[in-house]
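Remember, it's 1-based here, ligands and their atoms both numbered in the order they're listed.
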Amino acid sequence: MESINSLHGIGAERAKLFAKKGIKTVEDLLYYFPRGHEDRTKFCEIADCPVGEFVCIKAKVFSPVKEVRIKRNFTIYSMVIFDDSGAMNVVWYNNRFVKNAFHTDDEILFYGKVAAARNKKELQNPVYEKAGNERFIGRIVPVYPLSGNLTQKIIASAMEQAIERAGVMSEYIPSAVRSKYNIAEINFAMKNIHFPSDFNSYEISRRRFVFEELLTLQLALLERKSDNTKAQRTPFSDTECVKEFIKGLPFELTGAQKRVISKMCEDFKSQTPMNRLVQGDVGSGKTVVAAAGMYVAYKNGFQSAIMAPTEILANQHFETFSAFFEGTGIEPVLLTSGTKNKKAIYEKIASGEYSVIIGTNAIIQEEVQYKNLGLVVADEQHRFGVVQRAKLVSKGENPNTLIMTATPIPRTLSLILYGDLDVSVIDELPPGRKPVATYAVGEDMRKRIYAFLDKHIKNGSQAYVVCPLIEESEKTDLANAEDIHKRLEKIFPQYNVGLVHGRMKSAEKESIMRDFAENKIQILVSTTVIEVGVNVPNSNIMIIENAERFGLSTLHQLRGRVGRGQEEAFCIMFAHGSSEITKKRIQTLCKSNDGFYISEQDLKLRGPGDFFGTRQHGLPELKVANLFTDAEILEDAQNAAVDITEGKCKITAEEFFGLRKKVDKILSDSIVLN
Ligand code: ADP
Ligand code: MG
């Protein structure tokens with residue numbers, strides 16, 4: 001489409017400013033949607049204009065503009081205007097453009113705020129247009145997200161031309177889809193999202209673009225999924241062998257684990273690479289599912305690799321997997337940034353001598369070459385980006401991919417976030433798990449809590465104490481790990497109190513975690529480094545300092561560290577602050593141990609912004625849609641995408657062409673989809 005230079009008032013300089021916002025063509029501009037609107041339709045007579053409100057006034061100029069310089073950088077311009085009902089003062093601050101803008105008796109439209117000054121009403125900093133030439137007064141006008149020197153007026157005036165210039169745009173949401181889902185036509189919608197004739201028209205128009213955005217995204221995801229089914233790899237011919245592995249386990253698998261494993265084995269038998277997301281609450285037993293997959297890969301002559309988000313977790317996995325694989329002939333290798341003799345390990349990975357590789361993102365570095373990677377596992381995937389996942393996958397030839405996450409996501413949203421994946425849910429906890437008894441307490445309870453802690457440790461259990469900060473910071477009185485550590489050492493000289501945090505060297509962290517796992521340490525003070533995945537079944541007390549500082553999901557993850565053994569487990573949160581949201585968050589946690597419920601509440605309480613940070617998930621940034629408030633439109637869009645891909649809706653060639661282009665653009669723009 002035409003470049004925006006072709007619009008009046010957009011020269012090279014302004015075009016550059018637009019380009020900074022990613023706007024190069026007239027079409028780009030049209031899709032630069034306003035963040036809101038200003039209602040400039042309400043006219044008042046001077047005599048009845050209400051103080052404190054924004055109004056439009058049509059009046060004549062009584063006297064030329066007066067300039068009064070108050071001090072450097074502060075000049076007031078003022079003039080008097082009148083209509084049939086009376087006269088009033090108009091003032092502008094530091095706006096030298098108004099100085100020569102008016103002549104006596106000119107008829108002008110103003111839009112601005114009415115204020116009271118020295119017992120008289122005045123109109124402050126209004127925008128203005130000559131009567132008869134009005135463009136942006138007397139109607140609903142768009143308010144755009146601004147940048148630099150681009151003013152609302154420049155953007156709005158370019159936009160008006162753009163709409164004109166675009167002429168009759170062709171519709172690419174198939175008319176069958178539009179009528180089924182009640183979607184506004186594009187020309188109407190484009191005009192009314194920018195310059196609505198009334199607010200209802202705006203809502204209808206916005207709905208169309210939200211639908212359009214989600215529909216194209218969903219189509220791209222579905223397409224990506226079907227592309228994936230075109231990729232080929234060697235099937236694992238023997239999946240029966242998984243039974244041997246299961247027989248050797250020290251516990252009986254839950255029904256949910258069995259179901260996911262058998263799904264995975266079905267995937268393995270196909271020529272299509274597996275792309276499966278396993279969602280399971282903390283402690284639901286995802287690790288053994290990964291191990292079963294890796295065992296099958298091994299038996300079929302393929303390498304497999306699992307990537308964990310932290311060193312601690314990689315270490316722990318290494319130990320867990322080593323135990324799972326005892327007597328099978330598999331010797332897993334650990335590869336993290338702290339690993340020694342990397343070169344020798346690389347060689348044995350390249351030669352295929354190592355068949356199970358466990359590590360952090362060290363396993364996706366350039367130097368690591370695999371012989372025949374058949375299965376890659378990403379554990380706790382919300383912790384690392386889609387890019388890393390993609391890198392891991394690129395280490396093999398269309399390997400099977402298993403992604404494990406403890407962040408449950410409501411179904412509709414998981415379709416958007418993981419539209420290109422098959423999703424399995426482990427919705428059952430291993431038997432004997434009791435919910436963690438959870439309490440929120442104030443500072444006045446500290447003594448009693450420590451007595452409680454003492455009693456339980458005496459009986460053989462262990463405890464985590466989690467703090468928001470590592471060291472003392474001048475500005476806050478937040479509990480920090482170092483201070484709490486010192487304090488607890490004093491209070492409990494009879495126990496070993498350990499400290500672990502993210503700034504320690506990995507060897508140090510590892511040895512402390514090991515001591516904790518072996519009960520050489522009874523109380524472990526830490527930051528959230530232990531949030532993810534760590535498993536010490538004997539530890540059944542979790543104390544969280546400044547719980548108000550953590551998000552709901554984090555708190556749930558932290559709590560998931562306990563309650564893994566036979567004993568009853570406790571989570572005690574020291575919570576300060578009294579904001580309603582904080583209280584609700586903490587209450588939610590005390591009330592429920594169900595990760596799905598908690599994540600839904602989390603979403604409600606904080607809104608979708610950071611939770612679903614779509615960018616974090618590698619999806620294109622959404623321009624209009626809000627995955628939370630637009631959930632209903634999302635559902636419609638998802639249904640429509642299925643209608644289209646399954647041929648349930650008739651599409652003309654022209655509609656198809658337009659839609660195709662949109663979908664291609666998303667596919668080429670976004671990282672997750674490549
Ligand atoms: P997560 O899903 O949080 O990664 P893990 O895989 O770490 O959970 O499992 C948590 C604990 O439960 C581990 O100690 C694991 O050995 C144990 N576990 C897993 N599955 C079962 C089961 N079916 N029966 C008993 N214990 C199990
Ligand atoms: Mg885990």
Which is closest to atom 1 (P) of ligand 1 in terms of heavy atoms, K286, E428, K258? K286

Within a distance under 4.0 Å of any heavy atom of L253, pick out the atoms of ligand 1 and give their elements. 23 (N)

Candidates A406, G283, G255, A256; heavy atom nearest atom 3 (O) of ligand 1 found on G283

T287, portion touching ligand 1 at heavy-atom distance under 4.0 Å: both

Side chain, backbone, both or neither: which applies to M404 and ligand 1 if a contact is any heavy-atom pair less than 4.0 Å apart? neither

What's the shortest heavy-atom distance between I363 and M307, and which atoms? CD1-CB, 3.8 Å

Nearest heavy-atom neighbours spanning M274 and L375: CE-CD1, 3.9 Å

Does a donor on one side chain sit under 3.5 Å from an acceptor on the other, for R514 and N315? no

Need the ligand 1 atom indices (1-based, order shown) with element for anything under 4.0 Å from a heavy-atom of E252. 22 (C), 23 (N), 24 (N)

Short N or O distance, G285 and ligand 1, threshold 3.5 Å exclusive: yes

Tell me whether the centres of the aromatic rings in F452 and F570 are closer together than 6.0 Å. yes

With a 4.0 Å cut-off, would you call R446 and E545 a salt bridge? yes

In this structure, does ligand 1 have an atom that sits under 4.0 Å from one of the heavy atoms of G280? no

Can you tell me if P537 contacts ligand 1 (heavy atom of the residue under 4.0 Å from the ligand)? no

Counting from 1 in the order shown, the ligand 1 atoms closer than 4.0 Å to a non-hydrogen atom of V282 are 3 (O)

When you check the gap from the basic side-chain N to the acidic O, do D267 and K263 get nearer than 4.0 Å? no

Return yes if some donor-acceptor pair links the side-chain N/O of N480 with the main-chain N/O of E482 below 3.5 Å, else return no. yes

Give the atoms of ligand 1, by number and element, whose distance to some non-hydrogen atom of T254 is under 4.0 Å. 23 (N)

